[in-house]
Amino acid sequence: VQLVESGGGAVQAGGSLRLTCAASGIDRSDYCMGWFRQGPEKEREGVATLESDGRSTYADSVKGRFTISRDNAKNTLYLQMNSLKPEDTAIYYCTAVGASYCRDGYFWPDGPSFGHWGQGTQVTVSS
């Protein structure tokens with residue numbers, strides 16, 4: 001399994017970014033895909049998950065602002081982030097975990113304890 005994130009950057013509060021995760025070696029039916037983040041001096045936080053049946057789940061802190069989606073033909077996962085806030089500043093990681101891990105709620109609140117994730121992409125939001 002290989003996951004490669006891109007799309008991070010520096011934006012002002014209220015701005016938008018779209019993160020991309022290029023995935024390989026994953027059988028979608030066996031995996032739940034998602035994003036988690038690690039902010040400066042903060043606990044790791046689960047952000048969003050997308051299960052193989054299309055069901056998405058979000059952290060309360062990003063509901064209504066972030067949207068997780070995927071392009072199956074391209075084996076790519078996305079995270080559209082709108083109305084960004086300074087508290088969204090973090091390294092964002094794409095992750096793939098077993099399908100039951102998400103379905104049974106273990107992903108929340110701080111993301112996966114095991115599974116696969118990439119190197120991360122930095123998002124910095126200034127006020």
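Sequential numbering from 1 along the given sequence is applied to the chain's residues.
Formation of a donor-acceptor pair under 3.5 Å by the Arg44 side chain with backbone atoms of Pro112 is found in this model. Without hydrogens or angle criteria, Ser61 side chain to Ala59 main chain gives no donor-acceptor distance under 3.5 Å. Side chain of Tyr93 to backbone of Gln38: no donor-acceptor contact under 3.5 angstrom is found. Remark: side-chain polar atoms of Glu5 are not paired, donor with acceptor, to backbone N or O of Leu19 under 3.5 angstrom. Of the possible donor and acceptor atoms, none in the side chain of Thr121 sits under 3.5 Å from a partner among the backbone N and O of Ser6. Remark: side-chain polar atoms of Ser83 are not paired, donor with acceptor, to backbone N or O of Gly14 under 3.5 angstrom.
Ser16 and Asn82 share a donor-acceptor pair across their side chains, judged by distance under 3.5 Å alone.
For the atom pair Cys102 SG and Glu51 CD, the distance stands at 5.5 Å (nearest 0.5 Å). With values rounded to the nearest 0.5 angstrom, Cys21 atom SG is found 7.0 Å from Ile26 atom CD1.
By the 6.0 Å and 45° rule, Arg70 does not stack over the aromatic ring of Tyr78.
Between Thr76 and Thr20 there is a side-chain heavy-atom pair separated by less than 4.5 Å. With a 4.5 Å cut-off on side-chain heavy atoms, Val123 and Leu17 count as touching. The closest side-chain heavy-atom distance from Thr67 to Tyr58 is below 4.5 Å. Side-chain contact between Leu3 and His116: present, with at least one pair of heavy atoms (C-beta onward) separated by less than 4.5 Å. The shortest side-chain heavy-atom distance between Ile68 and Trp35 falls under the 4.5 Å cut-off.
Residues Leu50 and Met81 share a single hydrophobic cluster, defined by chaining ILVMFWY side chains whose heavy atoms lie under 4.5 Å apart. One hydrophobic cluster, built from ILVMFWY side chains closer than 4.5 Å, holds both Leu79 and Val11. Hydrophobic clustering places Trp117 together with Ile91 (ILVMFWY residues linked when any side-chain heavy atoms are closer than 4.5 Å, directly or through intermediates). In the hydrophobic clustering of this structure, Val1 does not group with Val4; members are Ile, Leu, Val, Met, Phe, Trp, Tyr whose side-chain heavy atoms approach within less than 4.5 Å, directly or through other members.
Counting heavy atoms of neighbouring residues, nucleotides and ligands inside a 6.0 Å radius, atom OH of Tyr106 does not exceed 12 of them.
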Evaluate the side chain to side chain contact (heavy atoms under 4.5 Å, CB included) criterion for residues Phe107 and Thr57: first the C-alpha distance (whole Å), next the side-chain angles of each, then the deciding distance (0.1 Å), finally the verdict.
CA-CA 10 Å; Phe107 190 90; Thr57 307; over 6 Å; no
Please assess Gln80 against Ser69 for the test side chain to side chain contact (heavy atoms under 4.5 Å, CB included), listing each intermediate value before the final yes or no.
CA-CA 8 Å; Gln80 178 66 45; Ser69 62; over 6 Å; no
Go through the steps to decide whether Thr49 and Trp108 satisfy the test side chain to side chain contact (heavy atoms under 4.5 Å, CB included), and finish with yes or no.
CA-CA 10 Å; Thr49 59; Trp108 305 100; 3.9 Å; yes
Is there a side chain to side chain contact (heavy atoms under 4.5 Å, CB included) between Thr89 and Gln122 once you walk through the steps?
CA-CA 8 Å; Thr89 295; Gln122 176 71 49; 4.1 Å; yes
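The salt bridge (Lys or Arg N to Asp or Glu O under 4.0 Å) pairs that include a residue from residues 84-93 are Arg37-Asp88, Arg65-Asp88, where partners are two or more places apart or lie in different chains.
Between Phe66 and Tyr92, the ring planes lie tilted relative to each other; the angle falls in the 30° to 60° range.
In this structure, Pro86 and Ser127 approach most closely via the heavy-atom pair CG-CB, 3.9 Å.
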